[in-house]
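Notes for the one structure printed next.
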Amino acid sequence: FTVDAFSHGIIPGCRAYFLSHFHSDHYQGLKKSFSQPMYCSKSTANLVVRQLGVSVQHVHRLPMGEPIVIHDVMVTLIDANHCPGSVMFLFQLTDGRVYLHSGDCRASDELISSPELRRVKLEALFLDTTYLNPQYTFPPQESCVQFAVKKAKEAISSNRKTLIVCGTYSIGKERVFVAIAKALGSRVSVTAAKKKILDCLEWPELTEMITSDWSAGQVHVLPMMQVTHKGLAEHLAQHGGSNAAVVGFRPTGWNQQKGQLGLEQVRASTRGPVTTYGIPYSEHSSYSELQRFVQRTRPARVIPTVGSYDERRLMDRTFNDWLAKS
């Protein structure tokens with residue numbers, strides 16, 4: 001079995017290919033011509049078929065939380081709390097060995113306490129180590145969402161002709177702009193290409209909100225890299241309609257600054273009619289969440305999935321220190 005290894009092409013001896021979620025750094029190498037058996041969640045399967053053109057006969061949709069036997073291995077999908085459709089794979093072998101591949105995940109208390117994880121002893125944990133640095137200790141996701149909602153409502157209260165923009169990736173950050181739109185009673189305007197992607201998620205509440213008509217929503221969604229003073233000023237001029245100002249949110253863990261402990265330290269950056277906020281809303285685990293995850297699951301081995309080979313010795317020391325303290 002392989003997970004997120006499509007960049008290696010067809011791998012000799014591999015009988016099943018697994019995809020944790022639909023972000024390009026994980027499906028890189030997966031093409032329309034792919035003809036091997038692959039397994040993923042329903043939302044991810046929709047995206048693979050509709051966006052990449054992989055034949056539906058090769059894409060196997062697995063249910064969440066229900067063990068399925070694939071080539072004598074019991075496979076269970078656990079919500080990874082990353083982006084829509086993202087999962088962790090729990091592999092239980094007939095000889096009793098158990099492996100967990102986290103994909104990309106935000107290890108919330110709910111995730112760490114999953115009943116599927118309480119019942120097993122892990123031989124190895126393949127762990128998303130994107131933020132394995134003590135600098136990154138994020139506020140809870142819901143706190144970040146409510147911070148964005150509060151700032152959006154304050155902006156509209158101050159000036160009704162204010163456009164609200166949320167930055168996203170291909171998928172991800174939906175919880176932020178859905179919450180803002182619900183609070184404002186607004187639809188969410190996106191590009192036609194973005195709408196096609198979001199329709200694959202089969203999220204009824206979101207489907208009702210989104211439109212490709214820029215004039216229909218006071219909340220707009222743009223690529224993260226476009227949520228800059230220059231990018232938002234251009235968007236306001238082209239698609240802002242009667243709006244005279246714009247407030248943009250960049251919700252990503254990379255906004256976490258060294259020494260920044262809370263959302264009260266997040267500051268607005270304003271130039272003319274454009275205001276931006278960098279919010280430390282992360283869909284990856286913080287350093288402290290990684291520590292709790294490792295200490296709760298107590299795997300025999302932790303294998304990092306992010307970071308260079310040279311960094312692994314330092315990572316191994318960190319994991320061993322955590323396990324020694326638990």
Side-chain angles (χ1 to χ4, degrees), residues 1-6 17-28 30 38-48 60-68 74-92 98-120 122 124-132 136 138 140-142 144-145 168-176 178 197 200-203 206 251-253 281-294 296-297 299 302-307:
F1 290 7
T2 60
V3 178
D4 299 343
F6 299 95
Y17 295 77
F18 293 83
L19 177 60
S20 64
H21 64 290
F22 196 76
H23 278 163
S24 60
D25 55 330
H26 291 257
Y27 67 72
Q28 182 181 0
L30 182 57
M38 67 163 293
Y39 301 85
C40 55
S41 68
K42 184 177 181 180
S43 296
T44 299
N46 291 341
L47 289 159
V48 167
H60 301 273
R61 295 164 164 81
L62 298 181
M64 296 294 297
E66 180 181 332
I68 301 293
M74 187 177 294
V75 182
T76 306
L77 271 58
I78 303 171
D79 190 331
N81 191 33
H82 178 60
C83 65
S86 63
V87 298
M88 303 192 296
F89 293 107
L90 185 68
F91 299 105
Q92 296 175 266
V98 181
Y99 298 87
L100 178 67
H101 195 295
S102 75
D104 282 350
C105 73
R106 177 80 190 259
S108 63
D109 289 338
E110 182 180 1
L111 181 149
I112 294 172
S113 302
S114 299
E116 295 90 349
L117 298 181
R118 290 202 303 266
R119 294 192 291 260
V120 298
L122 296 179
L125 167 61
F126 294 81
L127 183 63
D128 167 22
T129 47
T130 299
Y131 290 114
L132 188 64
Y136 298 109
F138 308 124
Q141 287 177 316
E142 185 58 26
C144 293
V145 169
T168 67
Y169 303 124
S170 58
I171 56 172
K173 318 302 182 184
E174 289 81 8
R175 276 176 278 192
V176 180
V178 165
I197 290 172
C200 290
L201 306 182
E202 298 185 6
W203 181 349
L206 179 59
T252 168
Y281 171 88
S282 178
E283 292 175 333
H284 293 272
S285 304
S286 69
Y287 183 85
S288 60
E289 288 166 340
L290 290 171
Q291 180 175 358
R292 287 200 302 273
F293 194 11
V294 169
R296 185 74 62 87
T297 56
V302 181
I303 302 170
T305 61
V306 179

Requested in this report: Mark yes or no for whether Ser20, through its side chain, and Val87, through its backbone, hold a donor-acceptor pair below 3.5 Å.
Outcome: no
Query raised in the report: Can you find a heavy atom in the side chain of Cys105 that is under 4.5 Å from one in the side chain of Asn81?
Result: no
Report task. Verify the neighbour count for atom CE of Met74: are there more than 12 heavy atoms of other residues, nucleotides or ligands below 6.0 Å? Result -> no
Query raised in the report: Do side-chain atoms of Glu202 reach the backbone of Ser43 as a donor and acceptor pair under 3.5 angstrom?
Result: no
**Report entry** Side chains of Leu132 and Tyr287 in contact at under 4.5 Å (non-hydrogen atoms)
**Finding:** yes
Query - Which atom of Ser113 lies closest to which atom of Arg118, heavy atoms considered - result: O-NH1, 2.5 Å
**Report entry** Short side-chain to backbone donor-acceptor contact, Glu174 and Gly172, under 3.5 Å
**Finding:** yes
**Report entry** Ser286 and Ser288 side chains, donor-acceptor separation under 3.5 Å
**Finding:** yes
Report task. Take the angle between the ring planes of Phe22 and Tyr27 and call it parallel below 30°, perpendicular above 60°, tilted in between. Result -> parallel
Report summary line: Between Ser285 and Ala107, the two heavy atoms sitting closest are OG-N, 2.8 Å
Query raised in the report: Would you call the rings of Phe89 and Phe91 parallel, tilted or perpendicular if under 30° counts as parallel and over 60° as perpendicular?
Result: parallel
Query raised in the report: Any idea which heavy atoms bring Gln141 and Arg106 closest together, and the distance?
Result: CG-NH1, 3.1 Å
Requested in this report: Provide the closest heavy-atom pair for Thr76 versus Glu66 in the form atom of the first, atom of the second, distance.
Outcome: CG2-N, 4.2 Å
**Report entry** Option among Asp104, Leu111, Leu77 that satisfies the side-chain contact (heavy atoms from CB on, under 4.5 Å) test with Met88
**Finding:** Leu111
Query raised in the report: Roughly how far, to the nearest 0.5 Å, is CG of Leu47 from CD1 of Ile197?
Result: 7.0 Å
Query - Closest non-hydrogen atom pair between Ile171 and Pro84, with its separation - result: CD1-O, 3.7 Å
Query raised in the report: Does any donor atom in the side chain of Ser102 or Asp128 lie under 3.5 Å from an acceptor atom in the other side chain?
Result: no
Query raised in the report: Heavy-atom distance under 4.5 Å between the side chains of Asp79 and Glu110, does that happen here?
Result: no
Query raised in the report: Between Ser282 and His284, is there a donor-acceptor pair closer than 3.5 Å when you use the side chain of the first and the backbone of the second?
Result: yes
Requested in this report: Give me the one residue out of Gln28, His26, His23 that meets side chain to side chain donor-acceptor pair (under 3.5 Å) with Asp4.
Outcome: His26
Query raised in the report: Distance from Phe18 atom CZ to His60 atom NE2, nearest 0.5 Å?
Result: 10.0 Å
**Report entry** Least distance between heavy atoms, Met38 atom then Val48 atom
**Finding:** SD-CG1, 4.0 Å
Requested in this report: May I ask you to decide if Gly85's main-chain N or O and His21's side chain share a donor-acceptor pair within less than 3.5 Å?
Outcome: no
Query raised in the report: Which of parallel (below 30°), tilted (30 to 60°) and perpendicular (above 60°) describes Tyr136 and Tyr131?
Result: tilted
Query raised in the report: So do Leu201 and Asn46 actually touch side chain to side chain, heavy atoms under 4.5 Å?
Result: no
